[in-house]
Amino acid sequence: PKHSIRRKITFIITFTMAIALLAIGAGSVRYVMDLIRGQNRDRMSEMVTAVQSSLSEFCKYALKYNELETSELFAAVDQVADVLMTDINLYNVEGELIRSTKPELFEQFIVGNRMNHEAYKSLRYSGLEEIAGLQFFSVYAPLFNDNGDMVAIVNVPYFSDSQEMINSGSNTLSMMINVYLILMLAALALGALLSNSISRPLIEIKRRIDTLALNGRSNQHIRYRNKKDELGVLIQSYNRMVDELEESTRRLAQSEREQA
């Protein structure tokens with residue numbers, strides 16, 4: 001039946017399990033994404049710290065950024081980039097490019113000569129940037145002289161690593177989605193089983209009541225293991241009614257024989 005109690009029980013159990021799984025799934029996805037972001041920030045922080053440490057020797061005695069435009073510094077930038085297997089961009093305090101290990105990107109106007117405006121507002125910045133539709137992680141950090149004055153800003157972009165990080169996160173999320181889809185199907189099956197186990201005794205009681213014989217001879221008890229729950233109490237009441245009906249029938253038959 002459309003409005004049967006079994007349908008209602010199945011819906012309630014399945015809906016409750018689905019909501020619980022969705023809540024757990026959303027929390028898990030958020031946790032994984034936060035974990036991936038944290039790992040990315042740690043890797044980028046370590047990388048830019050290594051670049052800062054390597055280039056700080058050239059900034060100790062520089063009073064202005066134009067004093068950094070030396071062949072020694074440029075050679076050091078290229079060497080650090082080779083050792084760390086990354087690209088490095090060096091900007092002056094005005095946010096204008098001084099040196100890049102990927103000069104062709106700037107020469108072909110794929111990237112502007114000025115640094116990210118959000119990064120320029122803060123002394124240290126990390127986030128996603130985009131070049132020709134390609135997203136990548138990028139870190140900015142200041143370089144100071146011995147007087148504590150900022151003389152340059154170093155930028156370390158992650159082109160290949162960022163794509164690897166994104167793919168890793170996508171693979172993890174895809175795996176989690178597949179797992180939760182399986183759990184959702186299992187919840188549907190479990191909901192159907194639970195609703196059947198609950199509604200079966202009720203259906204049996206209805207069937208027995210519909211076929212209840214007033215003579216009491218063909219009526220039988222319903223067997224149910226758990227006699228302490230609500231269904232058990234209901235079935236006990238039905239069985240007691242069957243016994244009372246059988247006793248009444250017996251007494252009525254005996255009374256008729258005595259009167260005859």
Side-chain angles (χ1 to χ4, degrees), residues 30-169:
R30 183 172 181 179
Y31 171 77
V32 170
M33 293 303 296
D34 289 342
L35 183 63
I36 292 173
R37 291 192 192 100
Q39 291 175 345
N40 292 344
R41 283 193 297 267
D42 291 342
R43 293 176 63 181
M44 290 186 294
S45 178
E46 291 175 2
M47 185 73 73
V48 78
T49 299
V51 174
Q52 276 183 302
S53 176
S54 300
L55 300 182
S56 61
E57 291 295 325
F58 297 90
C59 303
K60 284 184 176 182
Y61 307 109
L63 299 178
K64 296 182 180 180
Y65 65 85
N66 54 5
E67 296 180 11
L68 294 174
E69 299 181 21
T70 62
S71 57
E72 290 83 2
L73 175 63
F74 294 163
V77 170
D78 294 339
Q79 183 179 3
V80 172
D82 290 338
V83 172
L84 298 178
M85 293 183 292
T86 186
D87 295 315
I88 298 175
N89 299 319
L90 196 63
Y91 296 90
N92 61 28
V93 293
E94 302 297 330
E96 298 173 346
L97 184 70
I98 299 175
R99 178 72 173 177
S100 175
T101 56
K102 285 282 187 181
E104 60 271 15
L105 294 178
F106 299 90
E107 293 170 356
Q108 297 175 14
F109 302 102
I110 298 175
V111 184
N113 286 332
R114 297 194 65 87
M115 62 181 289
N116 185 309
H117 66 282
E118 292 291 336
Y120 187 71
K121 295 177 182 179
S122 59
L123 290 179
R124 197 177 185 95
Y125 172 86
S126 64
L128 280 174
E129 295 186 6
E130 184 174 327
I131 295 178
L134 173 65
Q135 283 192 333
F136 61 95
F137 292 97
S138 188
V139 187
Y140 294 82
L143 296 174
F144 298 98
N145 60 17
D146 278 352
N147 296 328
D149 298 324
M150 185 173 67
V151 292
I153 302 169
V154 65
N155 166 235
V156 180
Y158 289 82
F159 291 99
S160 59
D161 287 351
S162 60
Q163 191 61 43
E164 180 183 344
M165 294 173 187
I166 293 172
N167 291 339
S168 176

Suppose we screen for side-chain contact (heavy atoms from CB on, under 4.5 Å). Which residues come up paired with [X], at least two apart in sequence or across chains?
X     : result
Leu84 : Met47, Ala50, Val51, Val80, Thr86
Asp82 : none
Ser45 : Thr49, Arg124

Exercise: identify the closest heavy-atom pair between Met150 and Val93:
O-CG1, 3.1 Å

Report, one line per pair, each donor and acceptor closer than 3.5 Å where one atom sits in a side chain of residues 108-115; sequence neighbours left out.
{"residue": "Arg114", "atom": "NH1", "partner": "Glu96", "partner atom": "OE2", "Å": "3.3"}
{"residue": "Arg114", "atom": "NH2", "partner": "Glu94", "partner atom": "O", "Å": "2.5"}

Output all residues satisfying side chain to side chain donor-acceptor pair (under 3.5 Å) with [X], sequence neighbours left out; order by chain, then residue number.
X      : result
Asp78  : Arg99
Glu57  : Lys60
Asn116 : Glu129
Ser100 : Asn89

Ring geometry between Tyr140 and Tyr91 (parallel below 30°, tilted from 30 to 60°, perpendicular above 60°)
tilted

Any donor-acceptor N/O pair, Asn147 side chain to Asp149 backbone, under 3.5 Å:
no

Check whether Thr101 reaches the backbone of Ile88 with its side chain - one donor and one acceptor, N or O, closer than 3.5 Å.
yes

Taking salt bridge (charged side-chain N to carboxylate O under 4.0 Å, His left out) as the definition, give me every residue that meets it alongside Glu107, ordered by chain and number, with sequence neighbours left out.
none

Partner set under salt bridge (charged side-chain N to carboxylate O under 4.0 Å, His left out) for Asp146, not counting sequence neighbours:
none

Applying the side chain to side chain contact (heavy atoms under 4.5 Å, CB included) test to Leu90, which of Leu97, Asn155, Ile153, Leu143 qualifies?
Leu143

Whether over 12 other heavy atoms sit under 6.0 Å from Glu118 CD:
yes

